[in-house]
Amino acid sequence: MIQTVRGVHDILPDAIPLWQFLEARALAIFGQYGFEEIRTPLFEKTELFARAVGATTDIVEKEMYTFSDRGGDSLSLRPEGTASVVRAFVQQSMHRQLPWKVWYRGPMFRYERPQKGRQRQFHQIGCELFGPEDPLADAELLAMVMRYLTDIGLQTSLVLEINSLGCPDCRPPYRDLLIAFLRQTASHLCDDCQNRMERNPLRVLDCKQERCRAAIATAPVMIDHLCPGCTHHFSRLKGHLEDLERPFRINPHMVRGLDYYNRTAFEVTSVGLGAQNAVAAGGRYDGLVAQMGGTPTPAIGFAMGMERLALLLDQGKNRPAPPDVYLAPLGEQAEQAGLKLAETLRAQGLAVTLNLGGGSLKSQMKRAGRSQARFALMIGEAELEKNVVILKEMALGQQQEIRHSEVPGFLVNTCRTISVGDGHR
RNA sequence: GCGAACGUAGCUCAGUCGGUAGAGCCCCGGAUUGUGAUUCCGGUUGUCGCGGGUUCAAGUCCCGUCGUUCGCCCCA
């Protein structure tokens, strides 16, 4: 038997209503804020990710699905969404129409060891906002994330953490300061952190090892060493959030895995997801557009992990929307008439399940019951001759003969409610 | 890439000291003619993940491998 590759899974019909719900709410809420959807390719030139995400990040160094096409180009399945959106922004010269607000949804690919809330093909919904440098934009974006997460039903158990990562002016001096500090305390750090110290010193601050946490308790933190511009930006953001009464926590030890971030970084975490507890994360990337060859344009964005949201919301199996009518024909002639009647009813907007695969009336009725249809419609030879059908209201167990020609009118009147496909709620 | 646990019917799982593979659910059929979801009766479910090894004998013990899960790493 051929099965899916490791860390890659089907999303079966049972789970689809929840996914559709998550996407529908994103469409609605991001739309309220003026965001439009964008769909970028699932694969791009490898160089795009190497340059945007950072050539020395784990994602680029060891987690990308990279291959050569027949022309010899090195391509990669996208490991995240921002790089492509920035490329599109630059390629389409969108700096002429600022602000540019887009959101995306779709699969991302990273070659990682699967565990709870982490797969090799996973799905993200993300937003990117190009143009404003003002912390007003940061605040509005954060409000939007929290509004979305609250809307879908996660208001409890969520924590919003923010930090400032500084900018090209203040981060290098701080970095030197931190390295100096770490060198002094190196003997107290775990092996990983001793390695990280030179390569990615900020990451040491985020280490979960108890010994490291103790050792870095007195380490200098970025927010104490921000330049005046970054200090002002950060304090205005905090002011806006307080004003909006959106609870948040400042986590001076939070860092971002991708190289392009500066200033505002944030993360929304949830208990109940085990080690992979971030449901949404993002930040500002003011330098990325210029770095990718575009007209310098500040920007901010975030991404949410759909599987993680789904894990938190999953309330068991989702029932499919039941049909209005289960149509049970007996015999070949009745089947022919049934097919036609089913089409007539569907043209009137009704949801109709036509019995397929024959079977006795008993077994057909069994299927009708299982389908949760409100009505069963039986057509046998006797009915064909009399030009009637037997209409049974399943919940009541009552049935009547109706003239064939009157069936559409009767059912349309009775089942006027229209299914909207919001099966989750 | 590192560490650990687990893989038995479509699903959830039992299977003792190594001795002829089980339950519930689901599904299918029947309970006098053409009527579901309740009841009763009957029935099908299997490469015990896969491949080696030990043994008279392996679902059970050993090795490998694939997969899943939980950590580490990393991240949404």
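Naming: A, B, ... by sequence-line order, numbering from 1 per chain.
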* Report the distance from atom CG of A/Leu313 to atom CZ of A/Arg308, rounding to the nearest 0.5 Å. => 14.5 Å

* To do: Write down the distance separating the P atoms in B/rC11 and B/rC2, rounded off to the nearest Å.
  => 31 Å

* Asked: For A/Ser371 and A/Thr353, does a side-chain donor sit closer than 3.5 Å to a side-chain acceptor?
  -> no

* Nearest-Å distance for atom pair CG/C1', residues A/Leu309 and B/rC75 -> 15 Å

* Asked: Closer than 4.0 Å, any side-chain N/O of A/Gln115 to the OP1 or OP2 of B/rG71?
  -> yes

* Asked: Do the side-chain N and O atoms of A/Thr269 and A/Asn277 include a donor-acceptor pair separated by under 3.5 angstrom?
  -> no

* Just how far, in rounded Å, is C1' of B/rC72 from CG of A/Asp58? -> 13 Å

* Asked: What interatomic distance, in whole Å, is found between C1' of B/rG30 and the corresponding atom of B/rU35?
  -> 16 Å

* Taking only side-chain nitrogens and oxygens of A/Arg6, does any of them come within less than 4.0 Å of OP1 or OP2 of B/rG67? -> yes

* Can you tell me how far C1' of B/rC70 sits from CG of A/Asn277, to the nearest Å? -> 15 Å

* Atom P, compared across B/rC74 and B/rG18: separation rounded to whole Å -> 44 Å

* Output field: ring centroids A/Phe375/A/Tyr326 closer than 6.0 Å -> no

* Span that lies between the P atom of B/rU69 and that of B/rC28, in whole angstrom -> 31 Å

* Roughly how far, to the nearest 0.5 Å, is CD of A/Gln124 from CZ of A/Arg105? -> 14.5 Å

Below 3.5 Å, can you tabulate the donor-acceptor pairs from side chains in residues 392-400 of chain A to any protein atom, sequence neighbours excluded?
residue, atom, partner, partner atom, Å
A/Glu393, OE2, A/Arg374, NE, 3.3

* At under 4.0 Å between heavy atoms, which parts of nucleotides 28-41 of chain B does protein reach? Answer with one letter per nucleotide, 5' to 3': B base, S sugar-phosphate only, - none. => SS----BBB-----

* Please round to the nearest 0.5 Å and tell me the distance separating atom CZ of A/Arg147 and atom CD of A/Glu140. => 10.0 Å

* What stem regions, each of at least 3 consecutive Watson-Crick or G-U pairs below 3.5 Å, can be found for RNA chain B? -> B:1-7 with B:66-72, B:10-13 with B:22-25, B:27-31 with B:39-43, B:49-53 with B:61-65

* Asked: Would you call the rings of A/Tyr285 and A/Tyr261 parallel, tilted or perpendicular if under 30° counts as parallel and over 60° as perpendicular?
  -> perpendicular

* Report yes if at least one side-chain N or O of A/Arg113 is closer than 4.0 Å to OP1 or OP2 of B/rC74; otherwise report no. => no

* At under 4.0 Å between heavy atoms, what does A/Gly117 touch on the DNA or RNA strands: base, sugar-phosphate, or nothing? -> base

* **Nearest-Å distance for atom pair CD/P, residues A/Glu307 and B/rU68** => 14 Å

* Asked: Could you state the CD-C1' distance from A/Glu112 to B/rC73, rounded to the nearest angstrom?
  -> 9 Å

* Can you tell me if A/Thr4 uses its side chain to pair, donor with acceptor, with the backbone of A/His9 under 3.5 Å? -> no

* Whole-Å distance separating the CG atom of A/Asp14 from the C1' atom of B/rC11 -> 12 Å

* Asked: If you measure from the P atom in B/rG52 to the same atom in B/rU60, how many Å do you get, rounded?
  -> 14 Å

* To do: Determine yes or no for a side-chain-to-main-chain donor-acceptor pair under 3.5 angstrom, with A/Gln364 supplying the side chain and A/Gly359 the backbone.
  => yes

* Below 3.5 Å, does any donor atom in the side chain of A/Arg256 face an acceptor in the base of B/rC75, or the other way round? -> no

* To do: Please say whether the positively charged group of A/Arg120, taken as NZ for Lys or CZ for Arg, lies over the ring of A/Tyr111, i.e. under 6.0 angstrom from the six-membered ring centre and within 45 degrees of the axis.
  => yes

* Roughly how far apart, to the nearest Å, are B/rG49 and B/rC75 at atom C1'? -> 30 Å

* Structure fact -> A/Ile59 CD1 to B/rA76 C1', in whole Å, measures 9 Å

* Asked: What distance, rounded to whole Å, do you find between the two P atoms, one in B/rU65 and one in B/rA5?
  -> 15 Å

* Hey, which of these two, A/Thr4 or A/Lys62, hits RNA chain B nearer its 5' end, going by closest nucleotide? -> A/Thr4

* To do: Mind calculating the distance between CZ (A/Arg110) and P (B/rC74) to the nearest angstrom?
  => 13 Å

* Asked: Which value, in whole Å, describes the distance between the P atoms of nucleotides B/rG24 and B/rA14?
  -> 16 Å

* Report which part of the nucleic acid A/Glu61 touches: base, sugar-phosphate, or nothing (heavy-atom distance under 4.0 Å, all strands). => nothing

* **Sugar-phosphate, base or nothing in reach of A/Gly81, heavy atoms under 4.0 Å** => nothing

